[in-house]
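Read the numbers this way: they start at 1 and go in the same order the structure lists the ligands and their atoms.
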Amino acid sequence: AEAQEAAAGRFPFKPVAAATDHTIHVPEGYSWKPVAKWGQPLFSNVPDLDAAKGVSVENSDKVFGENTDGMELFMVGAHQLIAVNHEYVNPEINLPHADKGNPKTADDVKILQNMQGVTVMEVAEGNEGWEIVLDSPFNRRIHHNTPMKLSGPAAGSELVKTAADPDGIDCLGTFNNCGAGRTPWGTYLTCEENFNGYFGTTDTAFKLPEDYKRYGIVAETRYAYEKFDARFDVAKNPNEPRRAGYVVEIDPSDASSTPIKRTALGRIKHENAAVVIARDGRVVVYMGDDERGEFLYKFVSNGIYVPGGDTSRLLDEGTLYVAKFADDGAGEWVALTPESTGMKIDEICVFTRQAASKVGATTMDRPEWVAINPVAIEAYCALTNNSRRGEVKDGKLRSNAGGDAMAINAANPREKNEYGQIVRWHPENDDHADGKFKWDLFCMAGNPAVHKDAFAGSSNINEGNMFNSPDGMMFDSTGLLWIQTDGEDSNEGNFAGQGNNQMLAGDPATGRIERFLTAPKGSEVTGQTWSGDKRTHFVGIQHPDAPFPDGEGKLPRSAVIAIKRDDNAQIG
Ligand code: FEO
Ligand code: CA
Ligand code: CA
Ligand code: CA
């Protein structure tokens, strides 16, 4: 009975039912409120979003961007700063004057460029709840034209030099910022995911370089930057896309600081960057590459983290590893080095996917966020889904765009995996820097109302907590795993009964999972962090359908919300 009570104590809320409506549901005794919405001003001389006109080009780098994603809260003295990503834009709603959102001018392109990237904003809790502190000296937008530096082994390489930057050091902008991370020294890590979608060309004579294929860089783009901004025309600047796809370090405490692209952490479609300090003080960063059949990575620094010491080279000097999951539950981190890959070190950092294929890494079902347990030495990765796992076409196993064939393996065990799973690993010797690990599946998502086979999911999935496509994941300070979903919300067929996307809490010790929140229809739940006093859980709602959160007749706006207990108890 005592054990039962302890288990119940891990879930101090009454789980919510699946929902299909246009708002948010949280358990009894909790409430939520928007804090920052797409187009909301960060400065007092800027108006709120005008639904008919959008945001003007002059103001587009002074407002909260679109499609909120990964975030982290930083305490700087008594100031609470949230650094938060804006993954992508919907051109139709940002350019209401343009036909189907197709940019017609360089200013149109600039609006799209400014509405993405990162916001750093000060927030404060007053009588009306949490609000942005307008005009805070910390408030800052980082976007597709913000000056930044390349550092690490690929900085200065021939592969990243351009006419505008013959040294291969000074680049502009961060792209498709998806998940995030933080360092113990107080910096924010923003992760460039589907960067391929911004670079293209109208020059039909231009032959795309061979390495573009593995990253999905093609001539035609949705955003049409290349028509109005020559930097994005790959016929003119073929190295420009090789300057994106990195983890970017930002100092949120200094609005004039220059973001740094850490090429030692590899160039992939980065989901997030989960940082932990190894037993000997080296810095370990776990990273997923979110594409069907791509891999899970780990960086280990050469240097040791010393609080208050010099941290400027820790993410530049070290070794990048890729994961091999053996079917017997063992695992190995294989170093990507000139010896193991036959590639030069700058090539490994720029063509990381190709390097990882050379050492026989395990193809995964789209690695999304990695989360590190703060109270046990283990890490978790959400493998969101992979509809092509095990699929055979023309007598051959499917692969993704020049990637490896996606055979079934024990960590990715289901063909045409629409539901996803969460894998976890325990490093050997209780040391995240160790080269070996043991792994198991924390859960396999599924639908036990529709299926009786492997697609019913693992034993900790039931009709009351079922979901599909785990994506965002983070542990709170008590060791509870918060799982966010980005999946199919039709509530039909294989997804009947699962409702809208959601956020759930999981207990690593027991495997128990309970649903905490349901999101508005059409949206995904992504990004989370906690206030300094742990009495507020900030959560991101991305790409809602109409009308959220402003109500009937208003535009849908992606938003960061604040969730609190009505008794103001700690919730994280
Ligand atoms: Fe932007 Fe893989 O999610
Ligand atoms: Ca994601
Ligand atoms: Ca996703
Ligand atoms: Ca998304």
*Results of side chain to side chain donor-acceptor pair (under 3.5 Å) for Y188 - residues two or more places apart only*: N85

*Would you mind telling me which of E291, E294, E193 makes a side-chain hydrogen bond (donor to acceptor under 3.5 Å, both in side chains) with K269?*
E291

_Do Q116 and E87 pair up side chain to side chain, a donor and an acceptor below 3.5 Å, judged on atom types alone?_
no

*Are R242 and D211 ion-paired here, with the side-chain N under 4.0 Å from a carboxylate O?*
yes

*Using only N, O or S atoms, tell me which atom of E271 is closest to the Ca ion (ligand 2).*
OE2

*Taking only residues two or more places apart in sequence, or in another chain, which ones meet F299 in a ring pair (Phe, Tyr, Trp, His ring centres under 6.0 Å)?*
none

_Total protein N, O or S atoms, the Ca ion (ligand 4), separation less than 3.0 Å_ = 3

_Listed partners of R389 passing side chain to side chain donor-acceptor pair (under 3.5 Å), at least two apart_ = T363, D365

*Run the side-chain hydrogen bond (donor to acceptor under 3.5 Å, both in side chains) check on Q498 and N468 step by step: do they pass?*
CA-CA 8 Å; Q498 299 190 334; N468 70 85; 2.9 Å; yes

*Which N/O/S atom belongs to E368 and is the closest one to the Ca ion (ligand 3)?*
OE2

